[in-house]
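Read through the structure below, which is laid out as structure tokens, and then see the notes.
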Amino acid sequence: MESLIWLVPGLPLFGAAILLLGGKRTNAWGHLLGCLAALGSFALAAGLFFTMLGKHGAARSMHQHLYSWVPVPGTGQHPFQADVAFQLDQLSVVFILLITGVGSLIHIYSIGYMSHDPERRKFFSYLNLFLAAMLILVLADNYLLLYVGWEGVGLASYLLIGFWQAKPSAAAAAKKAFVVNRVGDVGLSIAIMLMFVTFGSFNFGTVFGTAGGASKGTLTAIGIMLLLAACGKSAQFPLQSWLGDAMEGPTPVSALIHAATMVTAGVYLIVRSHAIFDLSPTARLLVTIVGAITLLFGAIVGCAKDDIKKSLAGSTMSQIGYMILAAGLGPIGYAFAIMHLVTHGFFKAGLFLGAGSVMHGMDDEVNMRHYGGLRKYMPITFGTFFLGYLAIIGCPPFSGFYSKDKIIEAAFSKGGTSGWILGGAALLGALITAFYMTRMVIMTFFGEKRWVPDAEGHEPHPHESPLSMGLPMLLLAVGSVAAGFLFSMNSAFVNWLEPVTGPRAEGKLPGGLNSTTLSIITLAAVAVGVAIAVVKYGTGKVPAVAPRGSFITVAARKDLYGDAFNEAALMRPGQYLTRTLVYTDNRGVDGAINGLAALVGGTSGRLRRLQTGFVRSYALSMFGGAAALVAAILFAKL
Amino acid sequence: MNPDNYLFLSALLFTIGAFGVLIRRNAIVVFMCVELMLNAVNLTLVTFSRMHGDLTGQVIAFFTMVVAAAEVVVGLAIIVSVFRTRRSASVDDANLLKY
Amino acid sequence: MSSFPWLTTMGVVPLVGSALVATLPKERSAAAKKIALTFSVATFGVAALMATQFKKGGSRFQFTESHQWIKAFNINYGLGVDGIALVLILMTTVLMPVVMLAAWNDADEAQADGRRSVRAYFALYLLLETMMIGVFAATDLFLFYVFFEAMLIPMYFLIGGFGGPQRSYAAVKFLLYSLFGGLFMLAALIGLYVASGKHLGTGTFDFNTLANAVASGQLGISPGLSKALFLGFFVAFAVKAPLFPFHTWLPDAAAEATPGSAVLLVGVLDKVGTFGMLRYCLELFPGASKFFTPMVIGMAIVGTLYGALLAIGQTDIKRLIAYTSISHFGLITLGVFAMTSAGQSGASLYMVNHGLSTGALFIVAGFLISRRGSQLIDDYGGVNKVAPKLAGVFLIAGLSSLALPGLSSFVSEFLVLVGTFERYKAVAIVATCAIILAALYVLWLYQRTMTGPLKAGLEGMKDLRAREVVAVAPLIALIIGLGFYPKPILDVVNPSVKTTLQHVQKQDPAPALNAQTSEKVDSK
């Protein structure tokens, strides 16, 4: 089984290659091949997982070395050596199961969702490409190979966000996502370089094994750079701005890439590098701050958006903020970060697919103010969406309750003032989450119809989606319901991850709290959030046009001015700079050269005037020259 | 007779020739002045040859005469053809070959 | 070692082809194209055969040939390749048939105008190939110089004869710039010859003799003279590469030349600059190189950012690509002068990769331009809708240019950055930021030309023809293949880099962790 690891990313990679190279010839069966590749990969992942179950402890980790990738022996003892080698341990197996599992479901869902798109084959090839890259990311045994997957998912995300390229907004969003991600990638690059000059290697084994020997400053620097990378990929503050725009892509993409898997790569990176973060409290503190800010930021944005997908995007940002926060808490949080990641993968993917199903039925309308009363027309969608909703707000016994509750508890038990602040933020986040999710459910499925006819005057005819779309939603709903409970039985999940993340430190809750009272407080907060939303949206009429709202609402609609800031601080000065430089290059640098050429030309033009054409003046100069020569000889003699 | 006198004479002839080249405009006269200069040099060569008892100078004088003869042939032909086309033998008029 | 004169053969094949093509009657342009392509493919065949004979662990220069040429000055016709030259020659011979296929119809218009003939175009290409092989294969400095300058002549005619509206201006600018640099090198070359005569008894132009004499200390040129000679060589190479601020000829030349000529200009000719820095500047003047390193690094890093920023601001596709190359050449130079094995191996690999990716980019841009007849970005938009294959290839080439992991440029770019980071952390970090700019200029170009609604005038644009697909396919395959498996090239390049570093007497810096810890890891 160990020798088959490479096939896990290999299958989707071949799938993508065949579909891309095959071109139109594969149109007829391209989507089936895509699904097959994903399912095959899932089957392999499951097989590997069961192989692992048969072993114990550290022996569960598997390793496969494929070939030497970038060898530079160098002059000294310390070669630069990067290999294509895979490592499958307890952490990566969780990821490959999630990626291939949710991925396969979304492949299946896309068959129906994209059935009217002439480019469906291309869509599946990109999806397969994404799976391959994401699997490389989580299976790599060194940071450089991880980087390949890291940017590979960026590429797939670029291609998929811009899938409807003819829409300028989609093309722009795709580019924005890639460029913002690149800012994060710079962090990862620098982190790898720092590792190389510090440890002489960037293999996980070497780096983690010798991290203790490095200086605090170096470790903190590496940690911060890794955090920067995570911020880019996971849309964390201050690199969050691309995620909202990324919703321009087809909805299955939003579900798979921008909710369930890719955006969680940052969490994976931090948990994977826990050996470094364990040793640097400063870096960890920064991670928690970023997480806390983003979880509130995303939640606030989620409250104000009327676009159902953008609201879910804000929610994703916020939920990943929880994970990042948990990862930053150190040994008390790693396992819960991953657990929330997995449960979130289920319920968020389900919610997005639900949203996609709604859009499918409503002629691609995304504005929630134009929905309403849909529960009667789309019962399956409503049912699965509602289960996902219960999971995300943390209603027991749904899966979100188990994971999010633990994160809030871990945040409080960090201790000290920072523990109170972080815990408070997480608790407040839970309240807001409950509010915006309730708002979404009410605006979409309850109340009266607020449907608007399309440009040609056709009323939308909402209908339930086909089975290929319904089935994945059902399966994800099962995950949203049961995953948390199953993971928490006998702390199964925490124990499973222990060989990778190290033994879990038990935190102590401050101020006389215990985990039961905290759970009650959390549930109370959630109830408050739900209640506010019900009062605000469930009892009265929902206006079809958004009211002006308070200044917070206005700000939140504009993503809390994140884009405005980027535009003012980076884009405009940047454009000005490039324009100035182009001018200077043409006029200044090139001008200096051309000026020099003109100077030489002008001088010779003036010297040319000496050639008058009068023979006698030439004769005079000859005589003059001869006389001067004679005089010189005579003087030299004397 | 003191050979120095020949040298003085040749210097005088050379100077006259040079001045002639510089101030006269008529191409024929300029040409004759050039010949004068050449012959002044010839005289010097012969004189030095005589003074040093070495025949090389006289040989070179012969060379010069041959070259001068050839030059006259070519030069006069040019002047005549210039005169035919431009109706002028002034060297200042033939100034097309300039910047 | 086989005594077969591989390198001479490889140079002679295109030369014969060039003569053959040039003697064809003007009307037989189709035959000219086919003969030229055949000969370029044959040259590649010779090169590929030769590469299989190359011994990785063998002596530094292989396939050496040496014949007396000008006895009075001890000048020899000396050829031989080390690993770096080998891969560059291979790249040249790969690019040549590709360029010919891509440029199949580029000269037709010129012939129809009566300006020039198709046969001249292809004869010049083959002539250029001989020169390019010669410049990489020469081991005699004088011979190198001869090829270095002779290369300009076919290129001059290619730009001046077949380019765009401003071609004369661009061609003269290119020629003057290069000659200007070359003359400095000639002066330094003579200086070096005289100095070698003084120190070694007899003057020599043989690179191996000189480099070994420098390394062993026999050729102890005074530091002052050494610096002057270094600058002589360096200016020539900096103009050629081109480094900031000697770069302004490149955008003009690349934008005015036909796309095929632009590929050879940027992809191969300019590599001579960085190749020369690595081989000649460093090994002949190690002391001076170290002295001038801060200056060169400064120029390189400024050029990296400057080129990238200017690329963002361009409105002409080919000028944009030319500016991206200036940025990349900055990175290559950075790798060379970082004086670490990662940096220099990376730089060598980068030379190859840059040739492939920029070559592909220019070629595809050429396909695009030939369809619309405009080089302005604003004239395009939504091309993806009518010509998806073209757009796809353009995207891959562009992604390679922005060094996407998995594509060939990434490996080299990362090696260069790591190599630089080992010595100059701040410089490397600034250079890393250039990768954001790279994403911007490539993707923005793609966004403006390929996506969005279809621009007027592009309706009915044809997708890639079979010939065009065959032309770019090898490049795309190499770009992806070398991204995942760059080992064959690295294995060949590494020993050469090691020799260079030994000659410069530089060691890779050890990791910060003390030796004890790292040994423990090694044994594990």
Side-chain angles (χ1 to χ4, degrees), chain A residues 20 23 67-78 80 84 144 147-148 150-152 155 158 162 165-168 170-172 174-175 178-179 182-183 185-186 189-190 192-194 196-201 205-206 209-210 213-215 218 574 577-579 581-582 585 589-590 593 597, chain C residues 176 245 247-248 306 309-310 312-314 340-342 345-346 382 384-385 399 404-406 410-411 414-415 417-418 421-422 428-429 432-433 435-436 439-440 443-444 447 450-453 484-487 490-491 494 498 501-502 506-515 517-518 521-522 524:
Chain A
L20 282 176
Y67 60 90
S68 167
W69 178 33
V70 188
V72 180
T75 59
Q77 302 287 309
H78 308 284
F80 180 100
V84 174
L144 203 64
Y147 193 19
V148 172
W150 189 264
E151 284 229 354
L155 169 68
Y158 168 80
Q165 291 190 332
K167 271 200 322 194
K175 185 196 67 185
F178 197 96
V179 171
R182 270 244 148 169
V183 178
D185 297 345
V186 168
S189 286
I190 294 174
I192 298 175
M193 292 185 226
L194 265 171
F196 181 69
V197 298
T198 313
F199 308 111
S201 167
T206 318
T210 52
S215 70
T218 315
L577 178 68
T578 53
R579 239 177 280 145
L581 279 179
V582 169
D585 197 55
V589 184
D590 203 25
I593 304 291
Chain C
L176 283 183
H247 64 273
T248 55
Y306 188 79
L309 282 170
L310 275 163
I312 296 173
Q314 293 304 311
T340 53
S341 49
S345 288
N384 183 46
K385 206 182 261 172
L399 290 172
L404 186 87
F410 166 70
V411 176
F414 196 80
L415 279 173
L417 290 174
V418 167
F421 195 82
E422 285 179 64
I429 290 171
T432 310
C433 293
I435 72 171
I436 304 173
L440 257 178
L443 296 182
W444 199 30
Q447 185 193 340
M450 301 297 172
T451 68
F484 280 100
Y485 197 58
K487 191 165 178 283
L490 281 172
D491 281 349
N494 283 331
K498 199 166 177 181
L501 281 177
Q502 276 163 0
K506 279 274 191 180
Q507 283 277 328
D508 287 339
L513 281 191
N514 55 41
T517 2
S518 44
V521 175
D522 286 348
K524 206 164 83 178

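Proteins come first, then strands; the chains are lettered A, B, ... in the order of their sequence lines, and each starts at number 1. The figures here come from the full heavy-atom set of this structure, side chains too, leaving out hydrogens, waters and symmetry mates.
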Hey, could you give me the CD1/OG1 distance between A:I593 and C:T248, rounded to the nearest 0.5 Å?
-> 5.0 Å
Roughly how far, to the nearest 0.5 Å, is the CD1 atom of C:I312 from the OG1 atom of A:T578?
->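 Rounded to the nearest 0.5 Å, the OG1-CD1 separation comes out at 6.5 Å.
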Sort [X] into side chain, backbone, both or neither according to what part of it lies under 4.5 angstrom from a heavy atom of chain C.
X      : value
A:L581 : both
A:F80  : side chain
A:A172 : both

Chain A heavy atoms under 4.5 Å from [X]: which part of the residue, side chain, backbone, both or neither?
X      : value
C:S345 : side chain
C:Q447 : side chain
C:F414 : side chain
C:L309 : both
C:L399 : side chain
C:V418 : both
C:K487 : both

Is [Y] close to [X] at the side-chain level, that is, under 4.5 Å between some pair of heavy atoms?
X      : Y      : answer
C:L404 : A:Y158 : no
A:P73  : C:S341 : no
A:K167 : C:T451 : no
C:L440 : A:F178 : no

List the steps, then state whether side-chain contact (heavy atoms from CB on, under 4.5 Å) holds for A:V70 with C:Y485.
-> CA-CA 8 Å; A:V70 188; C:Y485 197 58; over 6 Å; no
Top contributor to chain C contacts, counting heavy-atom pairs under 4.5 Å, from [options]:
options                        : value
A:A170, A:S68, A:G162          : A:S68
A:L577, A:L194, A:I192, A:D185 : A:L194
A:V582, A:T198, A:V183         : A:T198
A:V186, A:T218, A:V84, A:L20   : A:V186

Under 6.0 Å between the ring centres of A:F196 and C:F421?
-> no
Are any side-chain N or O atoms of A:R182 and backbone N or O atoms of C:I435, one a donor and one an acceptor, separated by less than 3.5 Å?
-> yes
Donor-acceptor pair, C:N494 side chain versus A:P71 backbone, under 3.5 Å?
->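 Between the backbone of A:P71 and the side chain of C:N494 there is a qualifying donor-acceptor contact (under 3.5 Å).
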Audit row: A:D585, C:H247, side-chain contact (heavy atoms from CB on, under 4.5 Å) steps and yes/no | CA-CA 10 Å; A:D585 197 55; C:H247 64 273; 2.7 Å; yes
Do the rings of A:W69 and C:F410 sit parallel, tilted or perpendicular, given the 30° and 60° boundaries?
-> parallel
Highest number of heavy-atom pairs under 4.5 Å with chain A among C:P405, C:A342, C:G346 belongs to C:P405
Which one of C:L501, C:L417, C:L415 has the most heavy-atom pairs closer than 4.5 Å to chain A?
-> C:L415
Heavy-atom closest pair, residues A:P168 and C:P453 |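 Smallest interatomic distance, heavy atoms only, reads CG-CD, 3.6 Å.
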